[in-house]
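Worksheet: the structure to be examined is printed underneath.
Here is the naming used below: chain letters follow the sequence lines, and residue numbers restart at 1 for every chain. Computed from a predicted structure; not experimentally measured.
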Amino acid sequence: MSTPSTPPATPPATPPTATTATDDAPPFRYTAKLAGELEGKWQARWAADETFRVPNPGQPGFDASRPKFYCLDMFPYPSGAGLHVGHPEGYTATDIICRYKRMAGFNVLHPMGWDAFGLPAEQYAIATGVHPSITTKDAINNFRRQLQRFGFCYDWSREVGTIDPGYYKWTQWAFVKLYDAWFDAAAGKARPISELAAAFEAGQHPARFNPQAAEISDTDKARELGVWSTLDAATRRGVINSYRLAYQGTTTVNWCPKLGTVLANDEVIDGRSERGGHPVLRKPLKQWMFRITAYAQRLLDQLEPLAWPESTKTIQREWIGKSEGAEIEFRVGLSGQTQVALTVFTTRPDTIFGATYMVVAPEHPLVEAVLASPGARTDAAKVIAYVREARNASDVERQESKEKTGVDLGVDAINPATGKPIPVWVADYVLMGYGTGAIMAVPAHDERDYEFAKAFVLPVVEVVRDPAPPAKPPACFAGDGLAMNSVGPDLDINTLPTQQAKAKVIDWLAQTGRGKRRINYKLRDWTFSRQRYWGEPFPIVFDEAGNHYPVSPAALPVLLPQLADYAPIESDDPQPLLAKAGPWVRTTAGEAGVDPVLLAPSTPVTRECNTMPGSAGSSWYFLRFCDPANSAAMIDPQAERYWMAGGVDLYLGGAEHAVGHLLYSRFWTSALADLGVLSTAEPFGKLFHQGMITSSAYQRADKTIIATDLVHEASEGRFVERATGETVTPIVTKMSKRFKNVVNPDEVMEQFGADTFRLYEMAMGPLEASKPWNTKDIIGPFRFLQRLWRSCVDEATGTLRVGEQPPTEALSRLLHKTIAGVTADINAIALHTGISKLIELNNELTREVASAGAAPRAVVEVMVRLLAPYAPHMAEELWQKLNQRGLIADAPWPIHDPAMLVESTVEVPVQVLGKIKARINVPAGADAATTEAMALAEPAVRAAIAGKPIKKVIVVPGKMVNILTG
RNA sequence: GCCGCUGUAGCUCAGUGGUAGAGCGCAUCCUUGGUAAGGCUGAGGUCGUGGGUUCAAAUCCCACCAGCGGCUCCA
């Protein structure tokens, strides 16, 4: 027997009169209009109450008894086009998780900010003259408005933007911190540069250039410098600089003339810029670089325990690209008696007896040495022509053909193992940027060397035997095996397995001074200069001799100067745009804020005119969210220790940042932790990638994609291009303005409301999968919300329609099953299956409403809380109607009763010879004998057995019975 | 070429050895003062293909096919 509920405590002020559907709809049906009203109402309430503001330790209202949960979204670049439907996918997921965590009793840090430096605003400025800060701020305001429309539970009091001077002050500060630091290989961590200088002074550290420095030549590295105090100032400065984590190096960079800037390797795809697809050239340029390579091993080791997708960890490992092997020195004879050393890196020192020739990269210094002092066979003209052509080739051209090309340098090296001469070639399949830029070629056991040897008819000597050769042995065996043909004057590794052979060769190399064990990494130092305007200025000035000095922390930030125009400087050589700001560029040490101890205040200096790349501000923003307004420090240590303990608890964003942003952030965090700024070296304890939301488009026969508005459906399922009449194939692909298949979230919310939008995007499929947007499917989640609303609310009066009667046993069981399921699903980030469970619960509830006349209050009070993370606005409204105090956002998360999950009887299928013949209901927990007896008593089973002898009966209690007959 | 992921109803996806499921779509009927709607009922599946293991395979193993993503001369 149900009792009518009391009227709601707070009836809506004005009943909705119209709907998008019809004017005849009941006044309190859940329509887009009603949804919009509820959503506005609750968003205003959350904002007014500062519901989602979370205090730091030590601040009023901080509850130390609650565990912390730091949930971070990758902050967006606020483009002028506004949000697309891909943004809210991840943001909705984290919002659901954060709302659940709040209800489950956590202190939740869930911030949002803006990655706002970047090229698009600057290109707009070039075209229109509008300052990038204006367009960027407009875009930010639009993004914020759109995000707030979704009802996300961000703590907006913590909002930061990388373009705020109060923010980039600390980006610059971090740069100086790394500039004033070196990596102590012995300690395995970064230390202040002053400690290195002191160690040099005290003679505790040998006075020499950093042997790991990429920017220092081998000859400088080999120099014995002697006693530190006897060195001249320039040498000492050069030595110190070679250790700094931020240094100036002249490297071949990816110069994009069209964008007027240098790009990082991960910003270049197939020789073209990731942004815009413009051609990229390789040019030598003096750049600020970060010595991230010093951290290669740390970045590998620290990666292991992280709760990241295994695929992303693999990508990072491969990007760092550790390979273990040996460095081997070969003597090369030039003209006359001249000999030079040629050092190679190899992972297969065990194949040294099979090294029948050598190859150097076109950029290798040996090429110049040979041309200066040619051998008897040297064809200088041919070498020069080849090297010139190879050097001028862009990356695209080099990759176009894998045909092996090369030229004999006409000189010989001595294979140290055999003592025999082998020719030295130059070829572009050897890359200057990897290892030493030179290889010993072992054509019998390396595919590339084999192809080259085949093309130029060079000898192939087998030195490794495949212990288990396949039926069709390949021409070239690159695996591990047993050494053969490997005896020389003073080394014999015959019959040794590859691993042992490697060890023995390395020992021999070390003993005879011809080489040593070496670990090589693919990872390169991080190019940190850009020649653009809209980025952080470097806190660096140069004296007239070109020496660099940091701006002292007290003088930060170095503000961006105003420019009259933002067009790139027309020049064959890369030129930074800030060079246009003459009066800003030419200043004095005192005005720039250089420490007077370093440089007298009156000294004329010029400022660094490059700016930092977009990845500067994003390498540490997760730290600033912990303490966004601090003007005295990058981050308060207490706040950092609290929120960053174990790293961010959940970091959600696209997989496209697997190596760029995620690696850079790890490097900054590790280095800043080494230097005592942070307590945690790894920024992101748990990482999750959401999939891309795709959309439909059409593809021509030649695989090009055509915009949706240029196609029509000629007949059922057949699509043709209007202009040509050519048949096109419907496909799913990423959303793009070009394909005219972009969905605007504002319009969707206008039609259905934010709760429906959130539900739809989550119900599309697993968060990590890429999923096509189907506008016609949105009605599904909308109807679910409508039905749920109707289960609880009288559509004619808007009053609650719940009864105080106890729920039926079945509904009660389902309710507890749903609590357990939804909770487990949220914890597992399986948000789509959680929605299904809520739909099923509501379906059962609808049946109960139909029979009893009202929904049991006990069920509704739980169901609404389960709904709250997904559809927070409707949940708040129903919570209020249920006459509950306070916000549902602060309500406790329901806990299920495990006893209610135990079924009293279970249905068990009975198979005869593996085919299901009947289903029987047995008491839960019935043993095998009972189950078997019940199965054999079932008439349909007896019929299937048909009197045949029973050979065996398999019973899995509670699961199934299988009867095998003879 | 290498690595990874995916392949289940028309569509999008759950289901990790033991009864093939959900939402949307589709069909039938009901309601026609809830109607760009609600409800009832239903159809629809060689679980990519082939082999193997097992009493039993969508699920485990092997091979192959297709699609998607990443890397790509890394010595």
- Item | Toward the 5' end of RNA chain B, by each residue's nearest nucleotide, A:Ser836 or A:Arg783 | A:Ser836
- For B:G50 and B:C55, measure between their P atoms and round to the nearest Å. 23 Å
- How does protein reach along nucleotides 39-45 of chain B, written 5' to 3' as B (base within reach of a heavy atom under 4.0 Å), S (only sugar-phosphate), or - (no contact)? S------
- Message: For a quick check of understanding: with a heavy-atom distance under 4.0 Å over all strands, which category does A:Glu795 fall into, base, sugar-phosphate or nothing?
- Response: base
- Pairing residues for A:Phe784 by the ring-ring contact (aromatic ring centres under 6.0 Å, His included) criterion, not counting sequence neighbours: none
- Item | Who pairs with B:C5 - Watson-Crick or G-U, where each distance is under 3.5 Å | B:G67
- Query: Touch check for A:Thr314, heavy atoms < 4.0 angstrom, all strands: base, sugar-phosphate only, or nothing?
  - Reply: nothing
- Task: Take the protein atom NE2 of A:His364 and the nucleotide atom P of B:A75, then report the distance between them rounded to whole Å.
- Result: 17 Å
- For A:Lys952, which contact category applies under a 4.0 Å heavy-atom criterion: base, sugar-phosphate, or nothing? nothing
- Query: Are A:Phe757 and A:Trp773 near enough that their ring centres are under 6.0 Å apart?
  - Reply: yes
- When you check the phosphate oxygens OP1 and OP2 of B:A75, does a side-chain N or O of A:Arg348 lie under 4.0 Å from one of them? no
- Query: Taking only residues two or more places apart in sequence, or in another chain, which ones meet A:Lys837 in a salt bridge (Lys or Arg N to Asp or Glu O under 4.0 Å)?
  - Reply: A:Asp825
- Taken to the nearest whole Å, CZ/A:Arg801 to C1'/B:G34 is 12 Å
- Message: Expressed as a whole number of angstroms, how long is the span from A:Trp319:CH2 to B:C3:C1'?
- Response: 16 Å
- Task: Would you kindly give the CD-to-P distance between A:Gln786 and B:G23, to the nearest whole Å?
- Result: 16 Å
- Query: What interatomic distance, in whole Å, is found between P of B:G23 and the corresponding atom of B:G33?
  - Reply: 30 Å
- Partner nucleotide, any strand, of B:U12 [Watson-Crick/G-U, under 3.5 Å]: B:A22
- Closer to the 5' end of RNA chain B via nearest nucleotide, is it A:Ile954 or A:Glu840? A:Glu840
- Message: Closer than 4.0 angstrom, basic N to acidic O: yes or no for A:Glu324 and A:Lys502?
- Response: no
- A:Lys837 NZ to B:G23 P: how many Å, rounded? 14 Å
- Considering only the P atoms, how many Å lie between B:G48 and B:A9, rounded to the nearest integer? 8 Å
- Message: Between B:U72 and B:G1, how far apart are the two C1' atoms, rounded to whole Å?
- Response: 8 Å
- Query: Taking atom CZ of A:Arg517 as the centre, does the number of heavy atoms from other residues, nucleotides or ligands within less than 6.0 Å exceed 12?
  - Reply: no
- Message: Quick test of your reading of the model: are A:Glu310 and A:Arg317 salt-bridged, counting only N-O distances below 4.0 Å?
- Response: yes
- Query: Does the side chain of A:Thr833 get closer than 4.0 angstrom to OP1 or OP2 of B:A22 through an N or O atom?
  - Reply: no
- Indicate, yes or no, whether a donor-acceptor pair under 3.5 Å links the base of B:C73 to the side chain of A:Lys404. yes
- Item | Gap in Å between the two P atoms, one belonging to B:C3 and one to B:C62, rounded | 14 Å
- Task: Rounded to the nearest angstrom, tell me the gap between atom CD in A:Glu318 and atom P in B:G1.
- Result: 18 Å
- Classify the nucleic acid contact of A:Gly780 as base, sugar-phosphate or nothing, counting any heavy atom under 4.0 Å across all strands shown. sugar-phosphate
- Item | Ring centre gap for A:Tyr357 and A:Phe452 strictly below 6.0 Å | yes
- Query: Can you tell me how far C1' in B:U6 sits from the matching atom in B:U59, rounded to whole Å?
  - Reply: 16 Å
- Taking everything shown except A:Lys817 itself, do over 12 heavy atoms lie less than 6.0 Å from its NZ? no
- Task: Determine the interatomic distance between P on B:A58 and the same-named atom on B:G51; round to the nearest Å.
- Result: 14 Å
- Nucleotide B:A20, atom P - distance to CE of A:Met960 in whole Å: 11 Å
- Could you tell me whether the side chains of A:Ser323 and A:Asn520 share a donor-acceptor contact shorter than 3.5 Å? no
- Write down the distance separating the P atoms in B:U19 and B:G4, rounded off to the nearest Å. 31 Å
